[in-house]
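Since the structure comes first, as structure tokens, the remarks are kept for the end.
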Amino acid sequence: SRAMLDGAVETGAAAQFRGRLAADARDLARFSDWLAQAAPDAAARLRAVPFRALEASGDMAISAAGFSARDLSLRADRSAMKGVMAFTRAVGLERGRFFAEMHADALDLDALPDLTGPAVALADMDFSLGLEARAVRVARFGDGMIDAGRIRLKLSRTGADTRLETLSLADVGGASLDATGALDASGARIKGQLNAERLGDLAALAQRVAPGAWSQAFGARATALSPA
């Protein structure tokens, strides 16, 4: 692991770094163990990152309160993304907040890990997550090939209110989906439109990135439900 910084460090009660940061961790588990000696909270959240290796560079502002990253280039295993990201720690009764708006030309769907770990890490935080990506590198899922397609996601949460503002899959594994939804005190609501010649590949993808009862049930009935 290594890091290169080019910027200004302000000392005092509001110590912070502002400048350019380039860092890579080719073994995140070992880096997390090292980081835990100085920043156990950050190390614990880093352990929830479901990738083996991580590279990042961008214009950073880092302080005890959190960080922000502009002009961010991020490579997680074989997937490369660009965009902006920010994190603010919880203070008193104020919840922590995480923001990310990322774009990718080459999201590696075949290498996507189990994302339940990051979901747990965000459980006590407000967040706003945006992703737009073209799925262009995909090997075999189950018994078929997942074809290239466009993926758009916008998901946010404030307090107990969660909003799926946009979920759009265009020709991913032979399926296209547009959906919106919400989860709040009044219950869960979702609406959408699905167009698919086959659902097996889409179900396999769901089981890979979001394992659980609903994705297992979807996978078990994917063949019976095709064509949709």
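None of the values given here were measured: they were computed from a predicted structure.
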[X], [atom1] atom: more than 12 neighbouring heavy atoms under 6.0 Å:
{"X": "Gln193", "atom1": "CD", "result": "no"}
{"X": "Arg163", "atom1": "CZ", "result": "yes"}
{"X": "Arg89", "atom1": "CZ", "result": "no"}
{"X": "Arg70", "atom1": "CZ", "result": "no"}

inquiry  = Rounded at 0.5 Å granularity, tell me how far CG in Leu169 sits from OG in Ser176.
reply    = 8.0 Å
inquiry  = Rounded to the nearest 0.5 Å, what separates atom CZ in Arg152 from atom NZ in Lys154?
reply    = 11.5 Å
task = Return yes if a side-chain donor-acceptor contact under 3.5 Å exists between Asp178 and Ser168, otherwise no.
result = yes
inquiry  = Does either side chain, that of Glu165 or that of Thr180, offer a donor lying less than 3.5 Å from an acceptor on the other one?
reply    = no
What is the minimum heavy-atom distance between [X] and [Y], and which atoms define it?
{"X": "Met85", "Y": "Met102", "answer": "CE-SD, 4.2 Å"}
{"X": "Ala185", "Y": "Asp161", "answer": "N-OD1, 4.3 Å"}
{"X": "Gly159", "Y": "Asp126", "answer": "N-OD1, 2.8 Å"}
{"X": "Ala104", "Y": "Ala80", "answer": "CB-O, 3.3 Å"}

Are [X] and [Y] close enough for a salt bridge, meaning some N to O gap below 4.0 Å?
{"X": "Arg75", "Y": "Asp24", "value": "no"}
{"X": "Asp59", "Y": "Arg20", "value": "yes"}
{"X": "Lys82", "Y": "Asp71", "value": "no"}

request  = Ignoring hydrogens and angles, tell me if any N or O in the side chain of Arg95 forms a donor-acceptor pair with the backbone of Met125 under 3.5 Å.
outcome  = yes
request  = Please test Leu177 against Asn195 for side chain to side chain contact (heavy atoms under 4.5 Å, CB included), starting from the C-alpha separation and ending with a verdict.
outcome  = CA-CA 6 Å; Leu177 170 70; Asn195 183 5; over 6 Å; no
Give a yes or no on whether [X] and [Y] share a hydrophobic cluster (residues Ile, Leu, Val, Met, Phe, Trp, Tyr; joining criterion: side-chain heavy atoms under 4.5 Å apart).
{"X": "Phe87", "Y": "Leu131", "answer": "yes"}
{"X": "Met60", "Y": "Phe99", "answer": "no"}
{"X": "Phe127", "Y": "Val84", "answer": "no"}

task = Taking the side chain as every heavy atom from C-beta outward, state whether Ser128 and Arg97 have any pair of such atoms under 4.5 Å apart.
result = yes
